[in-house]
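One is the number of the first residue; the rest follow in order along the sequence.
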Amino acid sequence: MGKQAGAGSRSFTEIRVHGIGDHEYYTSLGRPVEKRLNAWVQVAAPPPLPEHRLRIVNWSRSRRRKTGFLWYLAFPFTLANVAGRMQPVGTGAAPAALLRAVVGVVAVVLTVSQLAWLIILGETILRYLNPAPSALRAVPLVAAALLIAWLAHRYRTVVDVQPGQRGSRVVVVPLIHAAVVLCTGVLLGIAPPAQLIHGGWPSTPTPGGPPRLDAMALWIALSIGITFAAALILAVRANSGSRDGRSSNAPLAAAGVLLAVSVPLMHAVTALVRMVLDNLLGYVTGLFGWVRAPQPHSGILLPYDIPADPGDSRLDLFPFLALIAAAAVLLTITVVLATAAGPGLPPLTSGKAARGRWWHSVSTHAPRLLPRILPLALVLSLAAMAAAITLGEGRLGGPWLALAILLLQIAGAIVVLVVLLGQLRALREVLGKIADVAGFWPVRDHPLAGSSYRDAAVDGISGLVGRNAAAEVVLVAHSQGSVLCAWLVAHAPVGNLRPHLVTAGSPLGSVYATFFPATFTPHLLGRVAAGTRTWTNYWRGTDPVGSPVPHATNRELPDPRDDGIVRGHSDYWTEPEIVTHVARLAPRRA
């Protein structure tokens, strides 16, 4: 590092900003060149350092503090929050109004679903205590009070303190959700639906009594039906704006995808958590003999559930329905890719470079493909789940049921390890990358959405640029870092300083300007160009998200280079053309 402090080096500062994923402080230096000496020892040459002053921004470490296990549990709400920003432009006011209405409906469905699962978890715990009926009736009110308190806390600590987020909508949305929670909790306390005698589907036979309504299973079916219908409305509207195979309403289809995923995801993950909790309580209480075995009861949403009977609750098997729906979606995507004029099926045996170019082509064609895929995927998913229920209801048993329960127990343990305990690094890194994309947007359309890191990260980068204002500054940003730097230049310029901007593997054109056109407008990108001395954007044809960006000087990099290594979306920091370009921006020494 001493070389950077040499004479004349302080007249120019390079600030590197990394992209999505969990990064350590020095990952923005580039990958070291490794060499294996033997089976036990490796040696690595560090990547070269520039002669000018270099500063490395790491916003990933601060983002991790904002994205703890509560952030991941709030991920379904975050999907709805992101979907609310996918407003199309140039198509009139009707699509925007439709999007707001649909997102609002699904957001309320998510909140009611969260309340329902809190009640289910409360009932699961109380079953082992064999409470009096009056205590059981209090569960919906307690759950509603807890959820309203959390809504108030989130509004006070997150929503209300966000810069530029004040206004009537900021207050009205949390109030609507709190009112819905209160009314639902009171209604469930007064008239518990699981006590209704019901012989049709979904009903649960109770020992020594008539079958009763499986209220939570009914709500799961209704909530998924409402959400899929809302997503289908967006898909139809997106296809109605198609011209020459492309849709100006393509963001609506992307919003429909996020909404369609949010509700089944909440039900599947929480069902796994409930299963783990239920079995853990059964094991602990049985081991220590603290209470007698739980007895059947007529509850609020849970009519009958005994751990000794693995087939007693539909809730435990819902994650399999979610997997069936996911398989139907995958089949739909495969069929559309194989038949549509576009990238075709992935070249699995053609090498990494061909696969990279295929992914890049898929990203390019996504605005055209999503409006076609979404309606087919929704219909096929519903049909597949309905068929699974019809064919499997009351027929699954024996070793197959035992195997299914075992697989679900393993899945539940994985959820606990990843979401609650932060273990399993590979899966945690995937979730971290998803969090980096979704967490860019401040909380607006659902008060329980995960907190945004954007303003904190931009403020930090702005402060660093301001401290180096006496020198010329170049911002070198990779992937999501380019979005943060573009937002900084467009919205929070540092005095009269106009830095150079170098972006690499940037999703500004492929993702943000495409699916968030009301925010990342041509005017905003024009302000970025006007606020920088130079703006050069590098991308590769093997990069899934890197693409040309309007108003920037775009340069495509060859991949693979002479060494034959396919770099795709990674390793831009040591790309010779970028290193040379940044070095040329530095003032000449006397």
Side-chain angles (χ1 to χ4, degrees), residues 66-67 70-88 93-118 143-187 219 222-223 226-227 229-231 233-234 251-252 254-263 265-266 435 437-455 515-516 518-519:
K66 285 183 174 288
T67 54
L70 287 178
W71 198 99
Y72 294 114
L73 290 179
F75 188 62
F77 308 119
T78 307
L79 292 178
N81 187 65
V82 176
R85 303 302 180 95
M86 293 180 164
Q87 177 182 334
L98 176 64
L99 178 65
R100 286 194 300 271
V102 166
V103 170
V105 169
V106 175
V108 170
V109 168
L110 283 167
T111 300
V112 174
S113 297
Q114 182 66 81
L115 175 63
W117 278 111
L118 287 177
L146 291 174
L147 189 53
I148 290 173
W150 185 243
L151 283 165
H153 171 74
R154 292 286 299 172
Y155 173 77
R156 183 178 58 84
T157 60
V158 177
V159 179
D160 193 45
V161 299
Q162 293 176 149
Q165 297 295 312
R166 295 186 179 274
S168 60
R169 179 180 174 82
V170 176
V171 180
V172 169
V173 171
L175 286 177
I176 291 175
H177 285 265
V180 170
V181 169
L182 178 60
C183 294
T184 305
V186 171
L187 181 62
W219 172 248
L222 287 175
S223 61
I226 293 171
T227 303
I233 291 173
L234 293 180
L252 293 180
V257 171
L258 299 186
L259 295 177
V261 169
S262 62
V263 173
L265 179 65
M266 166 178 280
V437 177
F440 177 82
W441 301 99
V443 179
R444 187 189 69 176
D445 290 284
H446 201 297
L448 296 181
S451 302
S452 171
Y453 63 85
R454 184 188 72 190
D455 294 327
F515 296 111
F516 304 94
T519 302

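Contact between Leu115 and Gly185 at its shortest, heavy atoms only, is CD2-N, 3.9 Å. Looking at every heavy atom in both residues, Ser452 comes nearest to Gly439 through OG-O, 2.9 Å.
A donor-acceptor pair under 3.5 Å is absent between the side-chain atoms of Asp445 and the main chain of Gly104, judged by distance alone. Counting only distance, with no hydrogens or angles, the side chain of Thr78 and the backbone of Ala438 share no donor-acceptor pair below 3.5 Å. Under the 3.5 Å distance criterion, the side-chain polar atoms of Arg85 are matched with a main-chain donor or acceptor of Pro442. Side-chain atoms of Arg154 come within 3.5 Å of backbone N or O of Ala449 as a donor-acceptor pair.
Between the CH2 atom of Trp150 and the CG atom of Leu118 there is a distance of 11.5 Å, given to the nearest 0.5 Å. For the atom pair CG (Leu147) and CG (Leu448), the distance works out to 6.0 Å, reported to the nearest 0.5 Å. A distance of 10.0 Å separates CG in Leu98 from CZ in Arg100, rounded to the nearest 0.5 Å.
Remark: Ala152 engages no residue in a side-chain contact (heavy atoms from CB on, under 4.5 Å) (not counting sequence neighbours). Applying the side-chain contact (heavy atoms from CB on, under 4.5 Å) rule to Leu182 yields the partners Ile148, Val186; only residues at least two apart in sequence or on another chain are considered. Take Ser223 and apply the side chain to side chain donor-acceptor pair (under 3.5 Å) test, not counting sequence neighbours, and it matches His267. Remark: Ala518 engages Gln87, Val89 in a side-chain contact (heavy atoms from CB on, under 4.5 Å) (not counting sequence neighbours).
At least one side-chain heavy atom of Tyr155 sits under 4.5 Å from a side-chain heavy atom of Pro174. Between Leu234 and Leu259, the closest side-chain pair of non-hydrogen atoms falls below 4.5 Å. By the 4.5 Å heavy-atom criterion applied to side chains, Leu252 and Met86 are not counted as neighbours. Residues Trp441 and Thr519 form a side-chain contact, since some pair of their non-hydrogen atoms from C-beta on lies under 4.5 Å apart. With a 4.5 Å cut-off on side-chain heavy atoms, Leu175 and Val171 count as touching. Side-chain contact between Pro76 and Val263 is absent, with no heavy-atom pair separated by less than 4.5 Å.
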| message | Could you walk me through whether Val443 and Phe77 satisfy the side-chain contact (heavy atoms from CB on, under 4.5 Å) test, starting with their C-alpha distance in whole Å, then the side-chain angles of each, then the deciding distance to 0.1 Å, before giving a yes or no? | response | CA-CA 10 Å; Val443 179; Phe77 308 119; over 6 Å; no
Side-chain polar contacts of residues 106-113 - donor-acceptor pairs under 3.5 angstrom, sequence neighbours left out - could you list them?
{"residue": "Thr111", "atom": "OG1", "partner": "Ala107", "partner atom": "O", "Å": "3.2"}
{"residue": "Thr111", "atom": "OG1", "partner": "His177", "partner atom": "ND1", "Å": "2.6"}
{"residue": "Thr111", "atom": "OG1", "partner": "His446", "partner atom": "NE2", "Å": "2.8"}
{"residue": "Ser113", "atom": "OG", "partner": "Val109", "partner atom": "O", "Å": "2.8"}
{"residue": "Ser113", "atom": "OG", "partner": "Trp219", "partner atom": "NE1", "Å": "3.0"}

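Paired with Ser451 under the rule side-chain contact (heavy atoms from CB on, under 4.5 Å), one option of Val158, Val159, Thr157 passes, and it is Val158.
Cation-pi geometry between Arg454 and Phe440 is met: under 6.0 angstrom from the ring centre, within 45 degrees of the axis.
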